[in-house]
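Here the structure is a predicted model, which is why all the values come from computation and not from measurement. Here is the naming used below: chain letters follow the sequence lines, and residue numbers restart at 1 for every chain.
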There are 2 protein chains.
Amino acid sequence: MAKKSPRVTITDVARTAGVSLSTVSRVMNDNPTVDPALAERVRGVATDLGYTANPLARSLVLGRTQTVAVVIPDLANPTFQAILRGLSRAADDDGYHVLIADSAEQVEKEPTLATTTRRRTDGVILCAPRMSQDELTAMLPALAPAVIVNRPPQPGAPTVAADYRSAMTELVAHLYELGHRRVAFLSGVPGSASGAARKTAQAEARIAHADLEIVEFPAGVDFDSGAQAAGPVLAASVTAVLAFNDLVAMGLLSAVTAQGVRVPEDLSIAGFDDIPFARFTSPPLTTAAVPAAELGRRAWAAMSALLSGDAAATSLVLTPEIVVRGSTGPAPAS
Amino acid sequence: MAKKSPRVTITDVARTAGVSLSTVSRVMNDNPTVDPALAERVRGVATDLGYTANPLARSLVLGRTQTVAVVIPDLANPTFQAILRGLSRAADDDGYHVLIADSAEQVEKEPTLATTTRRRTDGVILCAPRMSQDELTAMLPALAPAVIVNRPPQPGAPTVAADYRSAMTELVAHLYELGHRRVAFLSGVPGSASGAARKTAQAEARIAHADLEIVEFPAGVDFDSGAQAAGPVLAASVTAVLAFNDLVAMGLLSAVTAQGVRVPEDLSIAGFDDIPFARFTSPPLTTAAVPAAELGRRAWAAMSALLSGDAAATSLVLTPEIVVRGSTGPAPAS
DNA sequence: CTGTTAGCGCTTTCAG
DNA sequence: CTGAAAGCGCTAACAG
């Protein structure tokens, strides 16, 4: 009825029910030390008045907001979207809310975003933070409780990550078995822990196979970066390429195909992540299936544990499965 | 140094600076009525102590949280992801935070999600809400300020939407010109306003063209729904199909292709939305390009206006452009 | 079992 | 220009 809905407070309920604030508070919090009859009456008044406790006021006094923050490097990246989705739904199931902070690939914004969002929440989940190790360890205490996704185990915070290294090892082995000896790697942005893991795997592979050559091309993490890498890659006379991720692979695939290069007959291309659309390119992409939504779920589980206090700072690793599709094939006879 | 970081409060700053709370507060809020020298000293102490005002406490007294909530039907849907991204970045530019609420396609959760998140924020953006009109108008007052995305103009809340109807009109015209006279429509979930708009356009087209037939098949909104519709669609002897969205189109495309049907020679398929990967199917998808990120940006702009009080409840409509790619072609000579 | 009294950390009149 | 005091809406001892 009221034109300017004046929020009904606990005081209103108390007054119209003829009891004290504490009683109403107790009733609303299902405190059993209240006379059932009285409780019922108060509850009645509360619903009549449409009363719900102001979460802000509760948060202030209780010291918890029932909300966590998630810092994401790029909301346009399907993998991060999947992590966010898994996390958000899991948190929701436990009655928690999620505040998102998209740093839009600007590494320098990460620390600020993390700290400012942390202050309005009960904890923060850092997704594939690209900030330096020093920065990270420096700010971690101020963020606690925090959980970190896709970065190496870290003192001071539980970690949830995919094993990019072993997945890359398998991908390289796959190409090697197909006869590829000279392959390109489109390396993604610097500072990425998963990027480092990929390179480690490649270095190991080169040691294991003296006749294997891997030439690195700097490139970004998105479709356009892949497309732009087409020229250099084609000029490098490799028979296969490992793209930083599926987006890059798709960009490359699209660009080389436009130039008449046949995939995989002339050139094999492998992606990484297995984003939802990796199977729909033509040919469909060979890639490493990173269980992103599951990572998100696990990240929440870790945060939830931290929040409940039963927190042995765990460090969980999920292993991606290689999925071989049409974009990789035998090396062309040279 | 402290093991258990005891948050530094305004009182701490006041005490160690030898001034009153109010002075610190004034300084932190750049209130000019403070002696510059004093202000400088206080500021010094504040930084020394690493003080930042507790946003919760401020929110409680100020009555605003600097946060808005976004209710999304499905975080796995690329279109909603894009809306969220556009919105989130725009809000961030204005110093606002975003709380996400993914209803995971459960319409019945929408009202609760909206109301509960609203209480911890300054406003809520409803994304393509599927709840009934009555429910919507009933809860709108309690949500204000609210803005609604992808639903018809609404008293009580500004609206930002894509013109699904005109886009569908163009899509139908495109198919008609190609000679298609019997086409299928995979209709998506009930309750969707954009779905209704699509149907209106089709009804109008049938009136304009007596020889045009559009047969409707109930289907969902995701890839699998499209794939499952393959059987019925193929049995219906149509020459073209209008999918509810790109996801459905891709599912259908994938399934019929697997059965040896050639697209577009045997069957034309049109999607809707122009999600980022619509161009990478083979053949690439003809579709209507809904400017999702822009919708998100505009939604924030509307919310921002509401928040600043200068709010004529506008109703903005963006018109999708048809993009013709390889998945549609001339109707096969029968 | 219920009411009174302090705060949570901050902003804001209202006096000086 | 600065401080004292009230209060945002709620919870949690602490008394009855």
Side-chain angles (χ1 to χ4, degrees), chain A residues 4-46 49-67 115-116 118-122 142, chain B residues 4-46 49-67 115-116 118-122 142:
Chain A
K4 195 182 198 342
S5 142
R7 249 358 244 163
V8 26
T9 79
I10 194 173
T11 310
D12 300 324
V13 180
R15 183 160 10 83
T16 94
V19 299
S20 75
L21 295 192
S22 1
T23 298
V24 179
S25 176
R26 292 195 184 97
V27 171
M28 298 312 288
N29 293 297
D30 294 312
N31 185 321
T33 74
V34 181
D35 181 274
L38 214 200
E40 200 41 56
R41 189 157 63 80
V42 171
R43 228 177 310 262
V45 174
L49 266 45
Y51 170 74
T52 314
N54 179 330
L56 249 63
R58 299 197 78 220
S59 293
L60 184 57
V61 60
L62 293 182
R64 52 188 166 72
T65 61
Q66 215 74 313
T67 304
T115 17
T116 75
R118 170 61 181 88
R119 300 228 44 199
R120 7 186 114 248
T121 59
D122 298 341
Chain B
K4 194 182 197 348
S5 144
R7 253 351 247 163
V8 27
T9 79
I10 194 173
T11 310
D12 301 324
V13 180
R15 184 162 7 84
T16 93
V19 298
S20 75
L21 294 192
S22 356
T23 298
V24 179
S25 176
R26 292 195 183 96
V27 171
M28 299 311 289
N29 292 298
D30 294 314
N31 185 321
T33 73
V34 181
D35 181 275
L38 214 200
E40 200 42 55
R41 189 156 62 78
V42 171
R43 229 177 309 264
V45 174
L49 267 44
Y51 170 73
T52 313
N54 180 329
L56 249 63
R58 299 197 78 219
S59 293
L60 184 58
V61 59
L62 260 10
R64 51 187 166 71
T65 60
Q66 215 74 313
T67 304
T115 17
T116 75
R118 170 62 181 88
R119 300 230 43 199
R120 5 187 116 247
T121 59
D122 298 341

Nearest-0.5 Å distance that lies between atom CZ in B/R26 and atom CG in B/L38:
10.5 Å

Rounded to the Å, how far apart are A/R64 CZ and D/dC10 C1'?
12 Å

Output, in order, the C-alpha distance, side-chain angles, deciding distance and verdict of side-chain contact (heavy atoms from CB on, under 4.5 Å) for A/D35 and A/E40.
CA-CA 9 Å; A/D35 181 274; A/E40 200 41 56; over 6 Å; no

How long is the straight-line distance from CD1 of B/I10 back to CZ of B/R15, given to the nearest 0.5 Å?
12.0 Å

Is there a donor-acceptor pair under 3.5 Å between the side chain of B/R118 and the backbone N or O of B/T121?
yes

Does a donor on one side chain and an acceptor on the other come within less than 3.5 Å for B/R120 and A/N54?
no

Could you please spell out the steps behind the side-chain contact (heavy atoms from CB on, under 4.5 Å) verdict for B/T52 and B/M28?
CA-CA 9 Å; B/T52 313; B/M28 299 311 289; over 6 Å; no

So if I define the base as every atom that isn't primed, P, OP1 or OP2, how would nucleotides 6-16 of chain C read as a B/S/- string at a heavy-atom cutoff under 4.0 Å?
-BBBSBBB---

Here the gap from A/R58 atom CZ to B/L56 atom CG, rounded to the nearest 0.5 Å, amounts to 12.5 Å

Presence of salt bridge, A/D30 and A/R43, under 4.0 angstrom:
yes

Counting only heavy atoms and a strict 4.0 angstrom limit, can you tell me which residues of residues 30-38 of chain B come near DNA chain D?
B/T33, B/V34, B/D35, B/L38

If an axis is fit to five pairs at each end of the helix from C/dC1-D/dG16 to C/dG16-D/dC1, what is the angle between the two, to the nearest 10°?
50°

D/dG3 OP1/OP2 closer than 4.0 Å to side-chain N/O of B/T23:
yes

To the nearest 0.5 Å, how far apart are OG in B/S59 and CG in B/D122?
7.5 Å

Using side-chain heavy atoms (C-beta onward) and a distance below 4.5 Å, is B/D12 in contact with B/Y51?
no

